[in-house]
Structure formats: structure tokens, C-alpha cells
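Convention: sequence-line order gives letters A, B, ...; per-chain numbering from 1. Values below: every heavy atom of this structure, side chains too, minus hydrogens, waters and symmetry copies.
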Amino acid sequence: MLKKIVIPLLQWYNINKRILPWRDRNNAYYTWVSEIMLQQTRVEAVKPYFQRFITALPDVQALAQCPQEQLLKLWEGLGYYNRVRNMQEAARQVVSEHQGIIPEDYQTLLSLKGIGSYTAGAIASIAYHKSVPAVDGNVLRVITRITENNGDISRQSVRRVIEEALSEIMPEDKPGDFNQALMELGAVVCIPNGMAKCEECPVASLCQAYCHDTVDRFPVKAAKKERRQEDKTVFIIQDGEATALRKRPSKGLLAGLYELPNVPGHIDRERALEYVRKLGLDPLYIEEMPSSRHIFSHIEWRMEAYRIRVSSLEKAKDKDLIFADKEQTGKRYAIPSAFGAYARYIKEEKR
DNA sequence: AATCCGGGGGC
DNA sequence: GCCCCAGGATT
């Protein structure tokens, strides 16, 4: 009977819950921002971003009004950049349609951009004490182990069954604590990859997988597909004052962020010089840089690079190019980590 | 239902 | 290398 986990879980959580910057503030905006940041992202990675973000944009109105360049800069390095664009769109919805107050109702929360079933449940239960489940990857792992549910967790049907089961046992007085207790247990005790610390688990005796010594067989997940390889040649074009950057398209991978100019495939020095001349620039030196690799969840970039000194960047015809000096680079342009290996040359003094 | 969308930390 | 993370939108 699943209901038996409620009391021991809440007791365990009361004693073991981590102190987190967004926890116990009684502020729905803090809950919201933290939940968006925590999507597919670990607690430790989020902490410094959360503090900085809240300081810069302390409330829904500030978020709604923030220029997108600053918004992306605040998110730089966190990944999944649509999260923050969607959150701003939702903030504008909140201002225009909900008098600037983050909705309490689960269904209304669901109607906001970037808020799906998990995040709606998290905000409703944690910030507003509504009795709705919040099923994330941690909860799926914990519950499939306790119940020895061998369904593929990537299927909606499995998730729905778990949400319904949790709805029935949800403690009406502490739904937020209950949801967080499940997630906390999944994050620190009931962890993946054969690392589960069952001896520390408050509900081990109620766990079917523990009792049958099958913990590591759960959760069941469909095999992931291979990631595609993409070769690129990256250009670090400098005139001694500035480095050429380019703004990426507003849709797709790394949308709206800045990058070093680059072309598909690996090309030799001559073609690299040709590329630079076609921009209207006069190359003075060319230098091969170390190759670099960046792995996304679904793509792998294999990058080769040239650093090219030109007489003056001002001659470039390409209207998409931006000339970033050392100061601007740090403040204005959000450059994703994919270019991390070469980003340091952007700021570095040229020879 | 399958695919797209980042980056990092732990093993 | 491989796993997976306080997921959601789009097709």
C-alpha cells in the first residue's frame, strides 16, 4: 500500500532537507524561477545563476520588461535557452492577464508558456499548498522502484499512472513538502546507476525493489538514439582591437546567442583565407588553433579553428558580423559554452 | 510518439 | 566513454 510511505517520507524530509536559496521563501516567483532553472539541470549548477537572476530581476514585472539581450546574458551557460524566453513570455502573460500575480490554479499555470505538468504541480503545491503531484525524473525513479513498475518511463501512460497514484495519497496539509520529499529522496538517496543508498532510505522496508533486490533494474527506459556528428571550422578574426562575432538565428540551436563566425565542414588554410577575403577583409596572418569538440545531448560538434589577423574589421561587408571589443564581450554578448574552447581568444590581446 | 533543445558532474 | 539531471514545445 503506497500510502504508507507518506509519514516516514515527511519525517525524513523534515530532518534531511537541504537548505536551498529558493526554499522556504514563501515567494511564488522564486519557486517559479528555480523550477525553470532546475529543468534538466542539477541543483549545484543552478545555485549561482538563481542568486544572480533574482538580484537582477527581483519580480515578475522586472522579468516581463527585461531586454532579451540581458535576459540571455543572465542565462548564459545554463543551456536550453528557450526556457528563459518562454518564462519571459509567461511573465508578460501574468502581467497582462493575471494582474501580475502568478496563478495558484494548476490548470491556469499549465496555460503559461514553459510550464508543463511538472512545473505547474511544483508551483501549485510548493508556493500555494495545492494538493497536486509534481512528477519529475526523481519521482519517476523513486516510485517505479517502490512499486516495481517496469513500464517505460518515457511513456506518458506510465507517468499518468504515477500521477494518479500520488494524487490519492497526497497529504492535504503538506503537498509541497511531500512532493519535495520525493524529489529530495530521488536526488540524494534513491539515485541512479547502481548508486542507491538504500540503507539510508526511510521507506526501504516499503520498497518492492529493495525487498526483492531489484533496485537497479528500475526505472526502465527506452534506449537513446545516437547523436549526429557535425564538422565545423571556426574563425577567430581580429584586428587588434576587436573580434568578429555573429548573432545566431532566432530559432533552433542556441537561438539568438552569439558565436564566432564558422562554416560547415573542415577547410584548409587557403579556403579559410578565401572566406575572410570574401568578407571584404585583408588577412595579415593566419594561424591554426587546436581542434575542439563540444557535445550536446543530440549533436556533437567537431571543430577546427583558425585565428586570423586582419588590417581592420571595419571593412567587412557581412552585415551579420559584430565587432566585439574586450569590454563588450563580457557584458553584452551571450556566448554559449560550445565555443568555450575558443572564447578566451576573444578577450585575449593579439600577439 | 518521436524529436529538438545545453551543459555539466559523477563514475 | 556513459548516464542523467526538480522537462517542455513542436511536429
Report all side-chain donor-acceptor pairs from residues 182-199 of chain A shorter than 3.5 Å, counting only partners two or more places apart or in another chain.
from: A:E184; atom 1: OE1; to: A:R18; atom 2: NH2; distance (Å): 3.2
from: A:E184; atom 1: OE1; to: A:R23; atom 2: NH1; distance (Å): 3.4
from: A:E184; atom 1: OE1; to: A:R23; atom 2: NH2; distance (Å): 3.1
from: A:E184; atom 1: OE2; to: A:R18; atom 2: N; distance (Å): 2.8
from: A:E184; atom 1: OE2; to: A:R18; atom 2: NE; distance (Å): 3.0

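Between the side chain of A:R227 and the main chain of A:F296, a donor-acceptor pair closer than 3.5 Å is present.
Checking C:dA6, B:dG6, C:dC4 against the side-chain heavy atoms of A:R83 singles out B:dG6 as nearest. Set against B:dA1, C:dG8, B:dG6, the side chain of A:Q40 has B:dG6 as its closest nucleotide. Listed candidates were B:dC11, C:dA6, C:dG8. Nearest to the side chain of A:M195 is B:dC11. The A:P336 side chain lies nearest to B:dG7 when the options are B:dG6, B:dG7, C:dA6.
A:Q180 comes within 4.0 angstrom of nothing in the nucleic acid, heavy atoms only. Residue-level contact check: A:S34 touches neither bases nor backbone, having no heavy atom under 4.0 Å from any strand. The residue A:G194 sits apart from the nucleic acid: no heavy atom pair falls under 4.0 Å.
Residue A:H294 places none of its side-chain N or O atoms closer than 4.0 Å to OP1 or OP2 of B:dG6. Residue A:N193 places at least one side-chain N or O under 4.0 Å from the OP1 or OP2 atom of C:dC4. Between A:T41 and B:dG7 there is no side-chain N or O to OP1 or OP2 distance below 4.0 Å. Put simply, A:K113 has no side-chain N or O that comes within less than 4.0 Å of OP1 or OP2 on C:dG7.
Taking a 4.0 Å limit (strictly below) on heavy-atom distances, residues 18-33 of chain A reaches DNA chain C at A:R18, A:L20, A:R23. Using a 4.0 Å cutoff on non-hydrogen atoms, the parts of residues 123-145 of chain A near DNA chain C are A:D136, A:G137, A:N138, A:R141, ordered by number.
Nearer to the 5' terminus of DNA chain B, by closest-nucleotide assignment, is the contact made by A:S157 (compared with the other of A:S337 and A:S157).
Here A:R228 does not pair with A:E300 in a salt bridge; the nearest charged N to carboxylate O distance is not below 4.0 Å. Salt bridge status for A:R309 with A:D239: absent, with no side-chain N to carboxylate O gap under 4.0 Å.
Atom CG in A:N179 sits roughly 13 Å away from atom P in C:dG7 (whole-Å rounding). Whole-Å rounding puts the A:E226 CD to C:dC2 P distance at 9 Å. Atom CD1 of A:I295 and atom P of C:dC3 are 13 Å apart (whole Å). Atoms OH (A:Y118) and P (C:dC5) sit 12 Å apart, rounded to a whole Å. Protein atom NZ of A:K197 is 9 Å distant from nucleotide atom P of B:dC11, rounded to whole Å. Across the protein-nucleic acid pair, A:M37 atom CE and C:dG8 atom P stand 16 Å apart, rounded to whole Å. Following rounding to the nearest Å, A:Y49 (OH) and C:dA6 (C1') show an atom-to-atom distance of 18 Å. Rounded to an integer number of Å, the gap from A:K17 NZ to C:dA6 C1' is 16 Å.
For the residue pair A:Y333 and A:E76, no side-chain donor N or O sits within less than 3.5 Å of a side-chain acceptor on the partner. Side-chain polar atoms of A:T243 and A:Q238 form a donor-acceptor pair below 3.5 angstrom.
In this structure, A:V263 and A:F235 have side chains that are in contact, with non-hydrogen atoms separated by less than 4.5 Å. Counting heavy atoms from C-beta on, the side chains of A:T214 and A:E148 come closer than 4.5 Å.
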Which atom pairs link the protein and nucleotides 2-5 of chain B when you take only N or O atoms and keep those under 3.5 Å?
from: B:dC5; atom 1: OP1; to: A:L253; atom 2: N; distance (Å): 3.3
from: B:dC5; atom 1: OP2; to: A:H298; atom 2: NE2; distance (Å): 3.1

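Not a single ring pair (Phe, Tyr, Trp, His ring centres under 6.0 Å) links A:F178 to another residue, sequence neighbours left out.
Atom OH of A:Y210 sits in a sparse spot, with 12 or fewer heavy atoms from other residues, nucleotides or ligands closer than 6.0 Å. Taking a 6.0 Å sphere around CD of A:Q70, one finds it holds more than 12 heavy atoms contributed by other residues, nucleotides or ligands. More than 12 non-hydrogen atoms from other residues, nucleotides or ligands lie less than 6.0 angstrom from CD of A:Q229. Heavy-atom contacts from other residues, nucleotides or ligands closer than 6.0 Å to CZ of A:R52 number more than 12.
Using atom C1' as the reference point in both C:dC3 and B:dG6, the two lie 16 Å apart (nearest Å). A distance of about 13 Å separates the P atoms of B:dG10 and C:dA6, rounded to the whole Å.
To the nearest 0.5 angstrom, A:N262 atom CG is 12.0 Å from A:D231 atom CG.
Consecutive pairing runs in DNA chain B reach the stem threshold at B:1-5 with C:7-11, B:7-11 with C:1-5, where a stem means at least three Watson-Crick or G-U wobble pairs with distances under 3.5 Å.
In summary, the aromatic rings of A:W22 and A:Y30 are positioned with their centroids too far apart to meet the 6.0 Å limit.
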